[in-house]
Amino acid sequence: MVRDIVIYPDKRLKLISKEVTSFDKELHSLLDDMYDTMIAKKGVGLAAIQVGVDKRALIINIPTEDSDDAEQPKENTLEIINPIFIEKDGSCKYQEGCLSVPGIYEDVERAKHVKIEYHDRHGNLNTIDNDEFLAIAIQHEVDHLDGKVFIEKLSYIKRKKFEKEWKKRDK
């Protein structure tokens, strides 16, 4: 089921998501809905809070190729529950966008390499060690779990410009 996306500046995006303690049907249903929603909205990642659920759950599905008809098969979806960073190092800039801030793309500085521990939908512990686009996506989505949106990482001047343009769109 496709759910509504929480759009900035909705206060729910500031919530710090709660740890998942039950790896049950309710969680599985949420993850399935998140996949449907992400695909429908043409995203590569989605945190539970972006569909209004304050649980430490996120999904990422990087398209199989860089083209408009790239595939995002469900079996390629990473379901990351209760992620914890074990390592974060290096630095890189990448142009990011966000389903909760539609139409805005900005260069954001992040760690180049990350290593995380997380649980899958069944509660099994896993590790991801990555220094490619996946590392960027993980950091972006974990920020959502911590009540942060990528535009908060912009310089003061870029942030002010964004706020001005965003307000104009609402009128």
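Below, each value reflects all heavy atoms present in this structure, side chains not excepted, and no hydrogens, waters or symmetry copies. All values reported here derive from a predicted model rather than from experimental measurement.
Y105 is not connected to V101 by any chain of hydrophobic side-chain contacts under 4.5 Å among Ile, Leu, Val, Met, Phe, Trp and Tyr, and they are in different clusters.
Just one of K25, E79, K55 meets the side chain to side chain contact (heavy atoms under 4.5 Å, CB included) condition when paired with L30; it is K55. Each of T77, D33, V51 was compared with L46 under the side chain to side chain contact (heavy atoms under 4.5 Å, CB included) criterion, and only V51 meets it.
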Open item on the list: Go through it in stages, so that I can follow the logic: the residues are I151 and W166, the test is side chain to side chain contact (heavy atoms under 4.5 Å, CB included), and I'd like the CA-CA distance, side-chain angles, deciding distance and then a yes or no.
Closed with: CA-CA 11 Å; I151 48 170; W166 193 254; over 6 Å; no
Task: Worked verdict on E152 versus K14 for salt bridge (charged side-chain N to carboxylate O under 4.0 Å, His left out) - done: CA-CA 11 Å; E152 294 172 39; K14 293 251 174 241; 3.3 Å; yes
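Legend: residues meeting salt bridge (charged side-chain N to carboxylate O under 4.0 Å, His left out) with D10, ordered by chain and number and at least two apart, are R12. For the salt bridge (charged side-chain N to carboxylate O under 4.0 Å, His left out) test, residues two or more places apart in sequence or in another chain that qualify with K153 are D143.
Sorted by first and then second residue, the pairs that involve residues 127-138 and meet side chain to side chain donor-acceptor pair (under 3.5 Å), not counting sequence neighbours, are H113-D129.
In plain terms, the two heavy atoms of V2 and D36 that are nearest each other are CG2-O, 3.7 Å.
When hydrophobic side chains of Ile, Leu, Val, Met, Phe, Trp and Tyr are connected at separations under 4.5 Å, I80 ends up clustered with V44, L58, I60, I62, L78, F85, Y94, V114, I116, Y118, I128, F133, L134, I136, I138, V142, L145. Other members of the hydrophobic cluster containing L15, listed by chain and number, are I49; membership follows side-chain contacts under 4.5 Å among ILVMFWY residues, whether direct or relayed. Cluster partners of I86, using a side-chain heavy-atom cutoff of under 4.5 Å among ILVMFWY residues and allowing indirect links: none.
Using cut-offs of 30° and 60° for the angle between ring planes, the F23 and H119 rings count as tilted.
At a cut-off of 3.5 Å, with distance as the only test, a side-chain donor of Q50 or S100 sits close to an acceptor on the other residue.
Enclosure of atom NZ in K161 is not indicated, since only 12 or fewer non-hydrogen atoms of other residues, nucleotides or ligands lie within 6.0 angstrom.
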